[in-house]
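Worksheet for the structure shown next.
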Amino acid sequence: MSPVTTWVPQDAAALSVGADEVAAALSAAGAQVRRNGSRGLLWAEPLVEVESDAGRVGFAEVTPADIPRVMAVDTAHPGYLGVVDDHPWLSGQQRVSFARVGLVEPTSLSSYEEHDGWLGLRRALSMSRAAVVEEVVASGLRGRGGAGFPAGIKWRTVAERDAPQKFVCCNFDEGDSGTFADRMIVEGDPFTLIEGMAIAGYAVGATEGYVYVRSEYPHAVATLRHAIDLAYEQGFLGADALGSGVRFELYVRVGAGAYICGEESSMLDSLEGKRGEVRAKPPIPAISGLFGAPTLVNNVLTLCAVPAILASGGAAYAQLGRGRSLGTQVFQLAGNVARGGIVELPFGVTLRELVEDWGGGTRSGRPVRAVQVGGPLGAYVAPHQLDTPMDYEEFAGIEAMVGHGGIVVFDDTVDMARMARFAFEFCSVESCGKCTPCRLGSARGVDVMDEVLAGRNVEANLTLINDLCETMTKGSLCAMGGLTPMPVRSALRHWPEDFEKRAQREEVR
Amino acid sequence: MTADIYTPERDLGTPAGHGDATLHVTIDGATVDVPAGTSVMRAAALAGRSVPKLCATDTLAPFGSCRMCLVEVDGVRGTPASCTTPCTDGMVVTTHSDELARLRRGVMELYLTDHPADCAGCARGNCEMQSLAATVGVAEIRYPRREPARQHAPYDETNPYFAYDPAACIVCSRCVRACSETQGTFALTIAGRGNGSVVTPGGTDFFSSECVSCGACVQACPTSALTEKSVIQLGMPTRVVETTCAYCGVGCTFRAEVSDHGGDTRVVRMIPSKAGGANEGHSCVKGRFAYGYAHHPDRQLHPMVRESIDDEWRVVSWEEAIATVASGFKAIQAKYGVGAIGGITSSRCTDEEVYVVQQMVRAGFGNNNVDTCARVCHSPTGYGLKQTFGTSAGTQDFASVADADVILLIGANPTDAHPVFASRMKRRLREGARLIVADPRRIDLVRTPHVEAAYHLPLQPGTNVAFVNAMAHVAVTEGLHDEAFLRERCENVDGYLAFISDPQHSPEAVEVITGVPAAQLREAARLYASAPNAAIYYGLGVTEHSQGSTMVMGMANLAMITGNIGRRGVGVNPLRGQNNVQGSCDMGSFPHELPGYRHVANDDVRGIYEQRWGRALDPEPGLRIPNMFDSALAGTFRGVYIQGEDLAQSDPNTQHVEAALRAMDLVVLQDLFLNQTARFAHVFLPGTSFLEKDGTFINAERRINRVRPVFAPLQGKDEWQITSEIAQAMGYPMHYDNAAQIMDEIAATTPTFAGVSFATLDAEGSMQWPVNAAAPHGTPTMHVNEFVRGKGNLVETVYVPTTERANRRYPLILTTGRILTQYNVGAQTRRTENNAWHLEDILEIHPADAEMRGIATGDLVELSSRVGSTTLRAHVSSRMPPGVVYTTFHHPVTGANVVTTENSDWATNCPEYKVTAVQVGVANVRRETDLEAQRRQSTVEYAGTT
Amino acid sequence: MTTRPEVRMGNDIARQFAHLSHDRATAAIAGHLHMFWEPRMIRALRGAVAAGDDDVDPLLRDAAAKL
């Protein structure tokens, strides 16, 4: 009888809760262990799958002690999930970019091919460069890094530049709190990014690509470098990609730990070997980017949507979503949430569905008081706004943003005045320090919030906070300083009592 | 030019736009037309609607960090920064509104929270932020009082000339950008991030850092964070005099910022002028800071005479000194003939001062025994470029380098010797131009931050001609030459092509001579010959050889065969050593040429001067400096008038020079200091520093710059006046009322200067000769449609090796060069704080040569040649190739010229400083004490100087 | 180093033109001396030639005769 085949994720989130120990124990027990990415059910990690006639059945939160029951496919085990593909948490999603993540061995080229890998690149290479660009335009894909700029327009701008050298740069400096989709897709399915970049390189006429990864992602760096080596060996990258005569070289560069290097122009500075510092625009990177050459800068998720768009056509992708927010978004549930993880769905799902249905409410079981969407510079959304559909324009309408799709849940113990202070503090530490409103405004914001928290001159200080927010919003050089007021103002708007009650308390004394 | 009330140079905020299109922009209702590429900020300034700014300054690319310059633009969302927003045609801009005022106040209020309350900068009146705070109207600081972030950061006064006070810093990055963009050194950076951002010279103090003390950061600083120590000491200046630096041949224009306190005029600081054609607002450590020698205690302010050089000096009146000189010279001529005396002009002096010396010699002395210190540096340039192109000058302006695609740098070390031009060159290299360095030594430009040479060809000293011929051979035999240019513009084309195509000139054939791998030389030649624009820049590593003149012609050939002459971005460009080498040569300082490089045998030219000067002129060439020495030893040359040159230190083979000086009956030295030559002088006439001179200098790009006096001559006389009085005392009537009159005479008699006068120069700022009816504003690029001599002359440049060769006794080759902080023989720089960087000359030696001799860095070594020996400290360095050693010659105690020989350029007798066969060995301990004693003695001798 | 300076310098010039035919070489050398040398130097050179100085390059000798 052949040994039991098991799947244990090598995703960093799974590793952090003991996946390697589980894998070792399975091996020791005689199981064949294959390593995949995470299925995205981070609440269930380590999620071990066992191949069975019915398919891959899963067990949640497995420890070495559970191994005998797992290998025996004990359906009475409390972590038993049934066939993973059929689990409602997954089957209810619509995975396009994440289609292969968790299903395949990350750096198996054959597995990638079996699961529709390279279809997009092959089709792209059979088309004219301009047609590829128009396919992306037609898909309605918008930048997934946070700004939501139409990707096809950016591609077209770079493609139309006449320059001896152009670059494609992938922004993999995923620094927003509560976001991890970039990491998971690269750790779980790196060829998708490689394919997306190769397509982009062909489309815009760039012969070199750079992936800028944050240093905090060592597993992703190792996986990606290994995958790139394999892609070179098999001719998907290099002087003659897929025998098409098209050259595309791909390099990985690791950052040095600055949040601001996730801002595209700082990232370019850092790639050039300089201290990461925001560049004034114009010129935009599409015209003068890396080393002054026209440069396409896209986020990991943007580029990872591209292979599917080219494989199935832009029109098919544009069928998904709503309004001007088309396709799927990879939402990341985090914070005080019962079931955190990856939920890929077309735009239009409401925040409530994500937080309550997928997330299962707070982990603490207490009522949700605030949800921060779009990273540390995103607004805190109040409970009465939870029915807002995930959509760039709808969120702008409530003075919030979708951003990179990170969703961080807070229960009713949160002190929103402290969260406002944190917004300034984060900015004062992570600002590049170039422009004055951001460099000094953030530090003074902390000072003023300290006064508010101490209940001193609250009214005057809140007026000052408002003035400061205006100075930072309108005066800052980039979105870092420009958006720091967004969480602050949302906190002031929805939870004024957290700020004012301190004054009353002070008066009582 | 000069302002009686101190005002800083106008700052338009961002650099000029250079687009072809003209844009029509409306700013606060005022309209202005600007070239494409102009920022809204600059357009507003031009329209007289200036926008508040702190991080912007028009010498640096817009940065957009201070956010004081926000404006509103019709049809554009938000409040863009005017510095980083380019104008578009028809743009309508509002620079003042309630919202903008609120935002600016908001930003300024933030600045003030981070600045010391008792701002010392206010006292210095030097802080743009303080004045702007008043302008935008911040009534109160509402933020809670916290200590400013850098309040306790250490005050850095390690640099001799300026101090850094981090507490006063507003982190605008102007200094950091000046260091990178303007200077190209990248010594400054911002460390930390967010509110912890701080300007730092690379995490150490300024003196220990990579900083080259060019002063660009200090100039760029809008507050008092970076301030000249002289400003802290003397306070802010009260008036400005625009003048020209008197160090190297770059010829930077400076605003001498001066204060007059009770008649005591002091230079507070030298600020490079943005209007300066050569430097465009940049400077180096010498011009910017090393001017203190003018007031050094060593400065001699009284005439002195003595009977014999063994006597003590005796201070005398001007009248007595001049009478002594005149009677002495006349007595010599009476006894030994008219040709027994002569004069030497200085490349440190003005054109006007030089012109009167050669006039005195030719008309007053009645011979042509006049020469200049250019003899020992760039005389081969004069000969070589005259033979090939028809005039003795570089072909381009400095700005031309911005259009070069390939730069071939031969025998020059611009980052040390011509730093301001080096910064221009580095900027172009950072933009992507390729660099070929041909130099035995691995100079800084071979690899320096953001610059790396495509090829470094470490050729053996003395093999330049073989090298340049091989370059030309590759271009011609590989068909990379410009046949059309040759046929149309040049002569002796077929003869030259046949000559250079001979396989004896191939890289493979000359590899054994030059030591440069043939494959590398071929690639470099292809790079040069294939470039759209290729430019040659060279220095004394070309000229100071026994084949210096041949090499200059070889480079001219290379430029001509590849068509790299007559437009921007190309050319053959000497980097001149002294501030007025070009001018002193132009002024007729060579013994065979009258002003404008016209031979003394030419009757028509001589006629012009004979009529003007009222004396018959000698049609035969006179003696050159080395010929004067030889003739002195032969007894036929017995008196010399030396205008500001230290022959005994700077000329080769010191023993020979000293013997010649001793052999003379009357040595008259006119100088600031009692230099080495003064030991052999009978009359000392005190000279003036550049701060006292009124006149012109001409730089390496033929640019005639005005030198204007900051204060009256400290010793009471202009130098041209001294010369005139000597001439008069000798019976030749020579009189000028002022320096302007002398220039008028130069213009009237010299066609290339026809349109020059002090008035036109004052109006134009500066002009590059020829200035005449055809080019009333001067000539930036020469030989555009035809060469000065008509057709370019291709000279068959045969490589004749020097007779100076390494042998068993002297197995190493010594070559010489300069260092950034010292200048030539150091007469000026050694009398400034520049000594902090370079207190003694160092011998660089390759590790293999050092190890063989048991030499370690820091050891005292004896350096000896067939003519002499000296002792100095060794530095083991792989910058040198094996077999070649290198030293500077800035300190008299080193006496580098004790070892250099009488060998010279075949055509011009320019000494072969760059090739001397030497031996190096560890000096014994006794010598160490000798040297220390010698050093102490020299300190005494230069009383308070070193 | 007992070579007379005029002979040393003259020989340096002569070597530069040695690749030319004898007539052209001597003309070029003589032309150079005429253009750049002070009369007493030329006299000294002639003296050396007349004295049969062995150090004088034959080309220089022949050129001196043309002056």
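Just so we're on the same page: letters track the sequence lines, and every chain starts at 1.
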### Summary
Bottom line for B:Phe637: the part with an atom under 4.5 Å from chain C's heavy atoms is both
### Message
Just verifying a value: how many Å separate C:His34 NE2 and B:Glu620 CD, rounded to the nearest 0.5 Å?
### Response
6.5 Å
### Which portion of B:Thr908 sits near chain C, non-hydrogen atoms under 4.5 angstrom
neither
## Note on the structure
residues 8-21 of chain C vs chain B, non-hydrogen distance cutoff under 4.5 Å, contacting residues -> C:Arg8, C:Met9, C:Asp12, C:Ile13, C:Arg15, C:Gln16, C:Phe17, C:His19
### Task
Counting only heavy atoms closer than 4.5 Å, note whether B:Thr802 contacts chain C via side chain, backbone, both or neither.
neither
### Query
Which region of B:Glu593, side chain (C-beta onward) or backbone (N, CA, C, O), has a non-hydrogen atom less than 4.5 Å from a non-hydrogen atom of chain C, or is it both or neither?
neither
### Region of B:Tyr799 in contact with chain C, defined by heavy-atom distances below 4.5 Å
neither
### Message
If you count heavy-atom pairs within less than 4.5 Å of chain C, which of B:Leu623, B:Thr550, B:Leu633 leads?
### Response
B:Leu623
### Message
Using heavy-atom distances under 4.5 Å, tell me whether B:Ala601 contacts chain C through its side chain, its backbone, both, or neither.
### Response
neither
### Task
Please determine which of B:Asn367, B:Asn369, B:Asn627 meets the side-chain contact (heavy atoms from CB on, under 4.5 Å) test together with C:Glu38.
B:Asn369
### Distance-minimising heavy-atom pair for C:Pro39 and B:Pro621
CD-O, 3.6 Å
### Query
By a 4.5 Å heavy-atom criterion (distance strictly below it), what part of B:Asn909 contacts chain C: side chain, backbone, both, or neither?
side chain
### Message
Does any part of the side chain of C:Met41, heavy atoms only, come nearer than 4.5 Å to the side chain of B:Asp630, both counted from C-beta?
### Response
no
### Task
Please flag which part of B:Thr797 lies under 4.5 Å from any non-hydrogen atom of chain C: side chain, backbone, both or neither.
neither
